[in-house]
Amino acid sequence: MKLQTVKGTKDILPSEIQKWHYIERTVRRVFERFGYEEIRTPVFEETSLFLRGIGETTDIVGKEMYTFQPDAASSESLTLRPEMTASVMRAYLQHGLRASAPITKVYYISELFRKERPQAGRQRQFWQFGCECIGSAAPEADAEVIALMSMIYRTLGVQNTVLRLNSLGNLETRKRYRDALREYLRPNYEKLDAISKERFEKNPLRILDSKNPDLADVIAAAPRIIDYLDTESKAHFETVQTYLKQFGIDYVIDFKLVRGLDYYSQTAFELQSADLGAQDALGGGGRYDGLAATLGEDKETPAVGFASGIERLIIVMEKLRLFDMLEKKVPMVMFISQSDAAREWTMTAAMQCRQAGIDADVDLLRRSFKAQMKESNRVGAHYAVIAGENELQSGKFQLKNLATSVQEELTFNEILEKLKIEK
RNA sequence: GAGAUUGUAGCUCAGCUGGUUAGAGCGUCGGUUUGUGGCACCGAAGGUCGAGGGUUCGAACCCCUUCAGUCUCCCCA
């Protein structure tokens, strides 16, 4: 049996890594511009963190987690993280970060694991960048997080996106709305499909998300959560929108946007791309004021955040040709030897270049002179330094500019000085 | 988890209704004055046709199973 990556996972080869570096670089820069600091948490956690944090009725917890028992003799259960928010909140509470600052703003770029059926833009190990802003219940925090996400995409040049926005209100409004929705749906119960019937009991809000065209009419006429918001939630939502307008960020209200995870409340948002298939959500997030409480914290811990899929972003950016300007890293100079003695010289000469901060490369295959020249060209080196018996005798080497084919005779020190200026 | 579809050299793909040693382009390697790359020309290496089983005189091609990709549903990033 051949060894290969397991279902839903993939290698990121050197030929592709530049795209990742470019995205990571850009993402970090924008996060830091907003005053966010990076946080890194373990890839696995106690299973109960996700059970409590994400919600037992969600698909993630129900069937998508990689859960294992490291020790057969113990009942300890661990899980590869399926998302970051619960882990970040755990870290925030564990280290008492609220005590060291009134607000905590952290970002992450991490790999996550969910055991779903893979398809384009949906892997079992996948990467997300995102942030959590913990400590503020004010709509300013919501607005800033949305603006931050939006600025990342704008900086990367991603277009053809739609920002969908909704408010889920607080816990009570959500509950009142859920009841109202059930009352509305009850007479139509027989029209619902099997999945919706199941949701009717567990989480009727998710029926609104159904793609079944037969339900479109029923859904369109359903009561809207916005009409059930209490005055405080309503004011919060309106303030968020006012800021978005002031920032020049376009959005559409979508009352069907409920998001899958239980911990969301108040603002919910999602960014869709027209350049993706069925998995068209590039990123999404919202407010989750109740999460800390479900993890056992008794102090109020309001928070907002978003998460964004990197594999999907890459698909979109490839389609939009946003990577075309990336250039392959090339060595400044390639050392080429013509004899055994010369090879020894090129090895140490290349080392001296590197110590001087110059990107240098040298033949490790003991290949022919010609093959070394071809290799310099293949890797795109700017210069070749040619060393043979004559050069070793005279102490002067050929420095060849591979773009212009112009060649000059210089001592090694002169070569070093010249390359230092060019680097 | 359900359905559909695809799977031939490192990459992108040809291979007519099953018929002898499975092809091309790109890439890789070598050569065309063994001290000078790119371009051009010449040549080579590289495939148990995803894997396993079956039908057949004969299978890349037909059947079954399995693995993986892709698409849809579900769900989500």
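Numbers restart at 1 for each chain; the letters A, B, ... are given by sequence-line order, proteins then strands.
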Counting only side-chain N and O atoms of [X], is one of them less than 4.0 Å from OP1 or OP2 of [N]?
X	N	answer
Lys7(A)	A68(B)	yes
Gln338(A)	G35(B)	yes
Gln407(A)	U36(B)	no

Base, sugar-phosphate alone, or nothing: which one does [X] contact when heavy atoms must sit under 4.0 Å apart?
X	answer
Gln272(A)	nothing
Gly130(A)	nothing
Glu311(A)	nothing
Ala387(A)	nothing
Ile386(A)	base
Gly8(A)	sugar-phosphate
Glu391(A)	base
Glu83(A)	nothing

query = Above 12 or not: heavy atoms from other molecules or residues under 6.0 Å from CG of Asp250(A)?
reply = no

request  = Please state the P separation for the pair C49(B) and U8(B) - nearest whole angstrom.
outcome  =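 To the nearest whole Å, 12 Å.
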
message = In whole Å, measure the gap between the C1' atoms of C73(B) and G10(B) for me.
response = 36 Å

query = Taking N and O atoms by type only, does the side chain of Arg122(A) place a donor or acceptor under 3.5 Å from a partner on the base of A77(B)?
reply = no

key: Base of A77(B) paired with side chain of Glu116(A) (donor-acceptor, under 3.5 Å)   = yes

key: Glu389(A) side, atom CD; Ser337(A) side, atom OG - distance, nearest 0.5 Å   = 10.5 Å

request  = Compute both the distance and the angle, then confirm whether Arg224(A) meets the cation-pi test with Phe255(A): under 6.0 Å from the six-membered ring centre, within 45 degrees of the axis.
outcome  = yes

query = For Tyr383(A), is the NZ or CZ atom of Lys400(A) found under 6.0 angstrom from the centre of its six-membered ring and inside 45 degrees of the ring axis?
reply = no

Under 3.5 Å, sequence neighbours excluded: what are the donor-acceptor pairs made by side chains of residues 5-20 of chain A?
{"residue": "Thr9(A)", "atom": "OG1", "partner": "Val6(A)", "partner atom": "N", "Å": "3.3"}
{"residue": "Thr9(A)", "atom": "OG1", "partner": "Val6(A)", "partner atom": "O", "Å": "2.7"}
{"residue": "Lys19(A)", "atom": "NZ", "partner": "Glu318(A)", "partner atom": "OE2", "Å": "2.7"}

query = Quick one: which of A77(B), C71(B), G37(B) gets closest to the side chain of Ala120(A)?
reply = C71(B)

ask   = Can you list the residues that meet the side chain to side chain donor-acceptor pair (under 3.5 Å) rule with Lys319(A), with sequence neighbours excluded?
value =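 Testing Lys319(A) for side chain to side chain donor-acceptor pair (under 3.5 Å), a comparison that skips the adjacent residues, returns none.
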
query = Could you write out RNA chain B as a dot-bracket string, with dots for unpaired bases, | for bases paired across to another strand, and Watson-Crick or G-U pairs counted at under 3.5 Å?
reply = (((((((..((((.....[...)))).(((((.......))))).....(((((..]....))))))))))))....

Close N or O pairs between protein and nucleotides 29-31 of chain B (under 3.5 Å):
{"residue": "G30(B)", "atom": "OP1", "partner": "Arg367(A)", "partner atom": "NH1", "Å": "3.4"}

Between the protein and nucleotides 3-9 of chain B, which nitrogen or oxygen pairs come in under 3.5 angstrom?
{"residue": "G3(B)", "atom": "O6", "partner": "Arg117(A)", "partner atom": "NH2", "Å": "3.4"}

request  = Please work out which of the three classes, parallel, tilted or perpendicular, describes the rings of Tyr107(A) and Phe31(A), given edges at 30° and 60°.
outcome  =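 Because their plane-to-plane angle is under 30°, the rings of Phe31(A) and Tyr107(A) count as parallel.
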
query = Going by the salt bridge (charged side-chain N to carboxylate O under 4.0 Å, His left out) test, which pairs reach into residues 287-297 of chain A, not counting sequence neighbours?
reply =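 Qualifying pairs: Arg98(A)-Glu297(A), Asp142(A)-Arg287(A), Arg287(A)-Asp289(A).
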
query = Any stacking of Phe369(A) on G35(B), going by centres under 5.5 angstrom and planes within less than 30 degrees?
reply = no

